[in-house]
> 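I'd like to ask you about the structure that follows.
The sequence lines fix the lettering, A, B, ..., with proteins before strands; numbering per chain opens at 1. In this text, all values refer to a predicted model and were calculated from it rather than measured experimentally.
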Amino acid sequence: MNVSMGSASTPSLDRRTLLFGRDDTPGIVSVAADRRGRARVWRRVDGQVVHEEDQFPNWFFLARRELLEGLPVVDLPISILDGRPRIEPGTIGLVKLRGTNPFQYLVLTDRLEEVEHAAAEAAARLLVDGVITQPISDLIYVRPVVEQYLTITGRTYYKDMTYADVRRLQFDLETTGLGAEYGRIFMVSIKDSAGFEIVIDTQSMTEADLLRELARIIRERDPDVIENHNIFDFDIKFVIKRAQVLDVPLPLGRDGSTFSEMRDNVKIGANNESFTRYSLTGREILDTLHATRRFSAIQRDLRSNGLKDAARYFGVAAEDREYVPGADIWKVFQEDPERVRRYCFDDVEEVDSLSHLLLAPAFALASIVPKAYERIATAGTGQGLIEPLLVRAYVAGGYSLPVARGTGSYSGGRTAVFTTGVVHNVVKADIASLYPSIMLAERIGPETDEMGAFLELLAELTNLRLQHKSDARRQDLPAEERAYHDAMQSAMKVLINSFYGSLGANFALFCDKTAAERVTTRGREILQLLLDELERRNVVLIEADTDGVLFSLPDRPDGRPWTYEEELEVIEDITRAMPTGIHVEHDGRYRAMYSYLEKNYALLDYDEAAKAGFRPRDPIRLVGSSFKSAKTEELIQRFLADSIKLILHDDFPGVRDHYRATCSALRNREVPVEQLCVSMPLTKSPEKYAAAKRKEEPYEVYLAAGNSKWKAGSRIYYYQAKGAKKLISAGASDYDPEHYINRLRATCKQRLERAVSGEDFETLFSESDGLFDTPVGAIRPLRETHRNAMDVEEKDEGAGAEES
DNA sequence: AACGGACGGGG
DNA sequence: GTGTACGTCCGTT
């Protein structure tokens, strides 16, 4: 409905220009711009970096012309926006824009400081005089200068470049301590994507020379991107501090300037976190810690964001990777410097690997969105990405811009649990890109989008993503090219999924709560259609969430198991019953499932799925936080998983046998003590603990073992012996079996409460056969249906609405 | 034991 | 621009 609302004379941008901007200049690796219409551009051409000076009009949107009163304003024709606009030096140009949105004017000038200041002053005066009532944010809309340059020229970073074309340099410090006030740097490892590798340390030079050498190497290697894990909050801070103390200059920018510093925010999940951003002219600085945390905010199974943990999680930690505990590094360096050198270099290697995995999509986004790469890597999706894209379209099209006016809340996605307990023949079905599909199919976009750019962009992204996705799978393409297509498709996925969010976010320029609610309402209807279609096929619904459903196919009279192909047929059949543009996808199949709580369940794979060459994984998967607790002993955690597995195999005698075997193994001291230990850190030093005068279990256990000294932060392992807790010792067998049997029963009773009745639990978890017990072979698992299991998530203003 | 508060990362 | 995640561990009572 919003497409082509303009008059016939209105220039409309083709979709490619909307998405990539109108200027295809390749190889831009960094941009510096100022408020006087000057830009410096660094481009990588045939592997060499060239520096170019450029001119552009700074610009901002303005709601009221009178804010420029008294300034020598020149009216410019709107046709100036048809190509790349150029103005005479010193001009304060004003373009009256098309359409009816509040920001009616575009100011083009190379005197931005002066003009913006004057307009802000005028706004403040008019506000005081009561002539206007709007806040200044409704009167003047200014983007950062680099974005101004990229937007008005239609350029972006990294056109025609792949990740491998950019020169990335990683460096990592080893220091005598964490605080830059007292610590010193004694080692630096450096690596770059052109094959440079070095580790330098204070065995062969002074700390000052180490810093000079670091600076010399960075200048000589001339990287486009500098990266490390926690580079902003540690390495750069430390380097600057030590360089200051030792009077070493750090002219690391491409123009010989040093680091600049500003407060900025990094979007992590739904939150904004403030940090000190350091910048270098002509280079981009990227923090893999930010990237890791952004990842783990979505993918919750990455527990720790530390470099080593993240590298192991992603499978990029080398077999022979050297580890040195942080607190020991300086000490180990005295005894075995070679070991610390290996450790330090392994760090930069892992950073490089994480960068490949986590930053390639941000890199790909930088060839689309008019924004510096280092900013894209920390930006949110709505205001951070979608808005710059739409604003570029509005500037190029000469359209007036809306202001953000979102308020209130609306209903979001629907979640429901229909069945708890044990179910078989489980299939997971997802509606592909539910919200984007609805927006495209029903032509739902912001009412204020008079240019119709919103849906055009969404449509183009959806088309192109499919192409990139299929190209990423083409075996006839070289790996690097496939990686490029994969990064592109995931960048586009990020954008596609952000459109709905930017409708629902109050502070987004193109916020439209009514439109957002139409999307979610339609989403609930479509999910209901899917549920209805499934029920019509006599499946048992288990759990539904916004755009996906877990269900159980009925056993067939002849007992034949369902095949994947048959399940696909069911799903394709359902897709045919869905509205146009809505596709249901097969997203997983499981032999059995224990549905415990909403989003907490155990899945048992089909045997063949485990063999089929996918990632090797346990045949049973426990999903959801309620199954995991760090404080559970290994034996109990394993016993629970095994019991669920047996229950899902319908093997109740097996559960009882397993229980009895475990009890007797405990009583006969056959369980290795390691499996019964809990681990606790001694965070306080001996002095601090003594001073605290308050007994804590781990310390008392450690002291009772005859120790009096420990290093703060060291971790101990201990178990319950008869009468007292004791430190682990190899082969110890004086643990208290009754204690562990009780713990095991208590844990299982709770976690299995929806799988077996209380009565059956007592039968299963009993060491002797009771006279009146149900025969164990006759025990059936629980399965409970929950009617009215309807639940609609409220989408509040701002938070939460961002995610789709 | 129960609760409020700090932290997550880097050496 | 503002409110605010979430799970774990610490410190206090």
> Base, sugar-phosphate, or nothing: which does A:D235 touch, judged by heavy atoms less than 4.0 Å apart?
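If one applies the 4.0 Å heavy-atom cut-off, A:D235 turns out to touch nothing in the nucleic acid.
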> In whole angstrom, what separates A:R294's CZ from B:dG8's P?
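Result: 20 Å.
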> Using heavy atoms to find the nearest nucleotide of DNA chain B for A:T176 and A:R293 separately, return the residue whose nucleotide is more 5′.
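By nearest-heavy-atom nucleotide position, the 5'-most residue is A:R293.
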> Using the ring of each side chain (for Trp, its six-membered ring), is A:F232 parallel, tilted or perpendicular to A:F275, with breaks at 30° and 60°?
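Rings of A:F232 and A:F275: tilted, as their planes differ by 30° to 60°.
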> So A:L307, base contact, sugar-phosphate only, or nothing? Heavy-atom distance under 4.0 Å.
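Sugar-phosphate, backbone atoms only, no base.
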> Supply the atom-to-atom distance A:E387 CD to A:C511 SG, rounded to the nearest 0.5 angstrom.
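Output value for this atom pair is 10.5 Å.
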> C1' atom, C:dT2 versus B:dG8: distance in rounded Å?
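My reading of the C1' atoms in C:dT2 and B:dG8 gives 23 Å.
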> Please state how far atom CD in A:E273 lies from atom P in C:dT2, giving the value in whole angstrom units.
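Result: 18 Å.
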> May I have the distance from A:F234 (atom CZ) to B:dG10 (atom P), rounded to whole angstrom?
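Whole-Å distance recorded here is 10 Å.
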> Kindly check if the number of other-residue, nucleotide or ligand heavy atoms within 6.0 Å of NZ (A:K191) is above 12?
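It does: A:K191 NZ has more than 12 such atoms within range.
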> Is any side-chain N or O of A:K267 closer than 4.0 Å to OP1 or OP2 of C:dA5?
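No, no such contact exists.
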> Taking CD from A:E181 and C1' from B:dG11, how many angstroms apart are they, rounded to a whole number?
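Computing the A:E181:CD to B:dG11:C1' distance gives 13 Å.
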> Heavy atoms under 4.0 Å, any strand shown: does A:D287 hit a base, just sugar-phosphate, or nothing?
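Nothing, no nucleic acid heavy atom in range.
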> For a quick check of understanding: with a heavy-atom distance under 4.0 Å over all strands, which category does A:G326 fall into, base, sugar-phosphate or nothing?
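The answer is base, as A:G326 lies within the cut-off (heavy atoms under 4.0 Å) of a base atom.
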> B:dG11, B:dG9, C:dT4: which one has an atom nearest the side-chain heavy atoms of A:K308?
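Nucleotide nearest to A:K308's side chain: B:dG11.
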> Using the P atom as the point on both nucleotides, what is the distance between B:dG4 and C:dA5, in whole Å?
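Each nucleotide's P atom is 16 Å from the other's.
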> So does A:S304 get a side-chain nitrogen or oxygen closer than 4.0 Å to the phosphate oxygens (OP1/OP2) of B:dG8?
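Negative; the distance criterion is not met.
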> Is the distance between the ring centroids of A:Y141 and A:Y394 under 6.0 Å?
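No, they do not, as the ring centres are separated by 6.0 Å or more.
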> Take the angle between the ring planes of A:F333 and A:W330 and call it parallel below 30°, perpendicular above 60°, tilted in between.
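Parallel.
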> Quick check on A:R184: does its CZ atom have over 12 non-hydrogen neighbours (other residues, nucleotides or ligands) under 6.0 Å away?
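Not buried by this count: 12 neighbours or fewer within 6.0 Å.
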> Check A:R342 with A:D346, please: is the shortest side-chain N to carboxylate O separation under 4.0 Å?
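Answer for the salt bridge query: no.
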> Of all the base pairs, Watson-Crick or G-U under 3.5 Å, which form stems of three or more consecutive pairs involving DNA chain B?
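Stems (3+ consecutive pairs) listed as B:1-8 with C:6-13.
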> By the 4.0 Å heavy-atom rule, please label A:N305 as base, sugar-phosphate, or nothing.
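If one applies the 4.0 Å heavy-atom cut-off, A:N305 turns out to touch the sugar-phosphate alone, with no base involved.
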> Choosing from B:dG10, C:dT4, B:dG11, which nucleotide comes nearest the side chain of A:Y343?
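Among the listed nucleotides, the one closest to the side chain of A:Y343 is B:dG11.
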> Given B:dG9, B:dG11, C:dT4, which nucleotide is nearest the side-chain atoms of A:L289?
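Of the options given, the side chain of A:L289 lies nearest B:dG9.
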> When all nucleic acid strands are considered with a 4.0 Å heavy-atom cut-off, which category describes A:I329: base, sugar-phosphate, or nothing?
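Answer is sugar-phosphate: A:I329 comes under 4.0 Å of backbone atoms only.
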> Please work out if A:L173 contacts a base, only the sugar-phosphate, or nothing of the nucleic acid, heavy-atom cut-off 4.0 Å.
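Sugar-phosphate contact only - A:L173 comes under 4.0 Å of backbone atoms but never of a base.
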> Starting from P on C:dG7, measure out to CG on A:N600 and report it in whole angstrom.
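Between P of C:dG7 and CG of A:N600: 10 Å.
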> Starting from P on B:dG10, measure out to CD on A:E227 and report it in whole angstrom.
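Roughly 16 Å, once rounded to whole Å.
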> What is the distance, to the nearest angstrom, from the CZ atom on A:F238 to the P atom on B:dG11?
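Spelled out: CZ on A:F238 to P on B:dG11 is 11 Å.
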> Between A:N271 (CG) and B:dC7 (P), how many Å, whole number?
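It works out to 17 Å between those atoms.
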> Salt bridge check, A:E147 against A:R375: does any charged N sit closer than 4.0 Å to a carboxylate O?
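Answer for the salt bridge query: no.
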> What integer number of Å spans the P atoms of B:dG9 and C:dT8?
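It comes out at 14 Å once rounded to the nearest Å.
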> By the definition side-chain hydrogen bond (donor to acceptor under 3.5 Å, both in side chains), identify the one residue from A:T288, A:D347, A:N305 that meets it with A:H229.
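For A:H229, the side-chain hydrogen bond (donor to acceptor under 3.5 Å, both in side chains) test succeeds with only one of A:T288, A:D347, A:N305, which is A:T288.
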